[in-house]
A.B. asks: 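Here it is, the structure, as structure tokens.
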Amino acid sequence: MEKVKVLVVEDEAIVALDLAAGLEHDGYEVVGTADNADEAIELFVSNDVDIVLMDIHIMGEKDGIETTIELLKIKQVPVIYLTAFTDTATIERVKRTHPAAFLTKPYNINNVRIAIDLALNNFAIAKNHDEQSKVINLHKSNEKDVSASPDKEIILQMNEWIFVKHNYHFIKLSLNDLLYVEADNNYVNIVTIDKKLTVRLSLNQLLEKLHFKQLARIHRSYAVNMNAIQSFNEQQVVVNKTELPIGRNYREEFLKHFNFT
């Protein structure tokens, strides 16, 4: 289980510390703060950064836009600009880097939180169009109770990671850490070694949309990570000392994973 990792590039130390504290309070992990391009690149390379908050006016020869170009050559991640500069020339330069958002100073942590939420969502959608990831939107337009909820549940998938929205921020989870998923009426419990996350959708929806070949259906209410199985027989599997039933209708398909005939 990992938190969404944020890199903050900001030349005003007090602003950077305040922003980092607010993000960590919301459940994000700030991998570091930098006030120049060299420090930003070093932090970016040495950490598995998920999103960058970039001030345009930073110390050194390279400004935030030039620094962003360098970072995106290393790895494609969503970038949110934080700046007091809104002149036409700056905006045109910013557009060329295709940022996820552009927030003008002074800003508040609520606006930053919303921008991160949208940035991760839109970035996952873009990757989905390239068939490199999938996005699972869990609310339907005709469900008034869901659309009215301040904590709309969303799962994003980016390669081997999923991001589960919980209490206004995303929790980062490696698919390899997933033990099993369990249907619970209109909800699904996503179970790892140390945590259980609940999202509003059916088990069928999750299995249809989540791209993870090792997640196998063994029962109408359960699907299990095949790599997490400790032992099994024809009636049940054991995962992390938890016994899960194998449904009669799923037994044959389950055994095919072991080349049983």
Side-chain angles (χ1 to χ4, degrees), residues 2-130 132-133 156 158-159 161 163 168-170 172:
E2 294 192 24
K3 298 179 180 179
V4 175
K5 295 181 179 180
V6 184
L7 170 61
V8 176
V9 185
E10 165 65 60
D11 71 331
E12 296 184 46
I14 296 178
V15 174
L17 291 174
D18 183 63
L19 181 57
L23 291 172
E24 290 178 344
H25 179 268
D26 280 347
Y28 296 98
E29 178 182 344
V30 178
V31 301
T33 61
D35 62 9
N36 62 77
D38 290 340
E39 287 184 0
I41 293 171
E42 182 179 352
L43 286 168
F44 190 80
V45 171
S46 59
N47 295 276
D48 186 19
V49 176
D50 298 307
I51 191 165
V52 176
L53 303 184
M54 177 69 69
D55 187 12
I56 291 179
H57 181 68
I58 58 177
M59 297 181 181
E61 295 181 358
K62 294 181 180 180
D63 66 7
I65 300 174
E66 293 169 308
T67 303
T68 295
I69 293 173
E70 294 299 315
L71 297 182
L72 296 182
K73 288 179 181 178
I74 300 169
K75 175 186 173 182
Q76 291 291 315
V77 298
V79 176
I80 298 173
Y81 284 108
L82 308 171
T83 184
F85 294 86
T86 57
D87 58 278
T88 302
T90 298
I91 297 300
E92 288 303 314
R93 290 181 61 219
V94 163
K95 287 180 180 178
R96 299 190 189 105
T97 63
H98 307 289
F102 186 95
L103 298 180
T104 57
K105 296 181 178 180
Y107 50 81
N108 61 58
I109 193 63
N110 290 330
N111 291 338
V112 175
R113 183 194 301 123
I114 293 170
I116 291 175
D117 188 336
L118 294 175
L120 289 172
N121 182 70
N122 293 338
F123 185 73
I125 290 173
K127 288 180 69 67
N128 183 42
H129 290 165
D130 293 333
Q132 296 177 358
S133 63
L156 309 178
M158 296 181 188
N159 301 318
W161 299 94
F163 295 79
Y168 298 101
H169 68 274
F170 286 99
K172 184 180 179 183

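Heads up: numbering here begins at 1 and tracks the sequence.
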A.B. asks: Check T67 against A40 and note the closest heavy-atom contact, atom names and distance.
C.D. replies: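 Shortest heavy-atom contact: CG2-CB, 4.0 Å.
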A.B. asks: For D50 and K5, indicate whether the former's side chain and the latter's backbone hold a donor-acceptor pair under 3.5 Å.
C.D. replies: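 Between the backbone of K5 and the side chain of D50 there is a qualifying donor-acceptor contact (under 3.5 Å).
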A.B. asks: Please find the pair of heavy atoms, one from A119 and one from I80, that lie closest to each other, and give the distance.
C.D. replies: CB-CD1, 4.1 Å
A.B. asks: Any side-chain heavy-atom pair from I69 and K73 closer than 4.5 angstrom?
C.D. replies: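 Sidechains of K73 and I69: in contact.
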A.B. asks: According to salt bridge (Lys or Arg N to Asp or Glu O under 4.0 Å), who are the partners of D48, at least two apart in sequence or on a separate chain?
C.D. replies: K75, K172
A.B. asks: Any side-chain heavy atom of V112 sitting closer than 4.5 Å to one from L103?
C.D. replies: yes
A.B. asks: Can you find a heavy atom in the side chain of V8 that is under 4.5 Å from one in the side chain of L23?
C.D. replies: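 Touching, per the 4.5 Å side-chain cut-off.
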A.B. asks: Can you tell me how far the OG1 atom of T33 sits from the CG atom of L43, to the nearest 0.5 Å?
C.D. replies: 7.5 Å
A.B. asks: So which heavy atom on N36 is nearest to which on D38, and how close?
C.D. replies: OD1-N, 3.1 Å
A.B. asks: Could you tell me whether a side-chain N or O of E92 sits under 3.5 Å from a main-chain N or O of T88, the two making a donor and an acceptor?
C.D. replies: no
A.B. asks: Working note: V77 + I51, criterion side-chain contact (heavy atoms from CB on, under 4.5 Å); need CA distance, chi angles, decisive distance, verdict.
C.D. replies: CA-CA 6 Å; V77 298; I51 191 165; 5.9 Å; no
A.B. asks: Within the side chain of D87, is there an N or O that forms a donor-acceptor pair under 3.5 Å with the backbone of T90?
C.D. replies: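 A pair under 3.5 Å: yes.
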A.B. asks: To the nearest 0.5 Å, what is the distance between CG (L7) and OG (S46)?
C.D. replies: 9.0 Å
A.B. asks: For atom CD of E42, is the number of surrounding heavy atoms from other residues, nucleotides or ligands below 6.0 Å larger than 12?
C.D. replies: no
A.B. asks: In the structure I gave you, are the side-chain heavy atoms of F102 and I56 within less than 4.5 Å of one another anywhere?
C.D. replies: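 When only atoms from C-beta onward are counted, I56 and F102 do touch, with a gap below 4.5 Å.
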A.B. asks: Is a donor on one side and an acceptor on the other found under 3.5 Å between the side chain of E66 and the backbone of D63?
C.D. replies: yes
A.B. asks: Would you please test Y81 and L53 for side-chain contact (heavy atoms from CB on, under 4.5 Å) and show each step?
C.D. replies: CA-CA 6 Å; Y81 284 108; L53 303 184; over 6 Å; no
A.B. asks: Checking N47 side chain against V49 main chain: does a donor-acceptor pair fall under 3.5 Å?
C.D. replies: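 Side chain of N47 to backbone of V49: no pair is present.
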A.B. asks: Side-chain donor-acceptor contacts of residues 9-17 below 3.5 Å, not counting sequence neighbours, with atom names and distances?
C.D. replies:
from	atom 1	to	atom 2	distance (Å)
E10	OE1	K105	NZ	2.9
E10	OE2	E12	N	3.0
E10	OE2	K105	NZ	3.2

A.B. asks: Would you say V31 and V6 make side-chain contact, with heavy atoms under 4.5 Å?
C.D. replies: no
A.B. asks: Nearest 0.5 angstrom please: I109 CD1 to I114 CD1, how far?
C.D. replies: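 The CD1 atom of I114 is 10.5 Å from CD1 of I109, to the nearest 0.5 Å.
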A.B. asks: Evaluate D55 against I58 for side-chain contact (heavy atoms from CB on, under 4.5 Å), listing each step before the verdict.
C.D. replies: CA-CA 6 Å; D55 187 12; I58 58 177; 4.0 Å; yes
A.B. asks: Would you call D26 and R113 a salt bridge, taking side-chain N to carboxylate O under 4.0 Å as the test?
C.D. replies: yes
A.B. asks: Output the distance between atom CE (M54) and atom OG1 (T97), rounded to the nearest 0.5 Å.
C.D. replies: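 One gets 9.5 Å once the value is rounded to the nearest 0.5 Å.
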A.B. asks: Looking at every non-hydrogen atom in both residues, tell me the closest pair between L71 and F44 and how far apart they are.
C.D. replies: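 In this case the closest contact between L71 and F44 is O-CE2, 3.4 Å.
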A.B. asks: Could you pull out the closest heavy-atom pair between L120 and P78, with the gap in Å?
C.D. replies: CD2-CG, 4.4 Å
A.B. asks: Does K62 NZ have over 12 foreign heavy atoms under 6.0 Å away?
C.D. replies: no
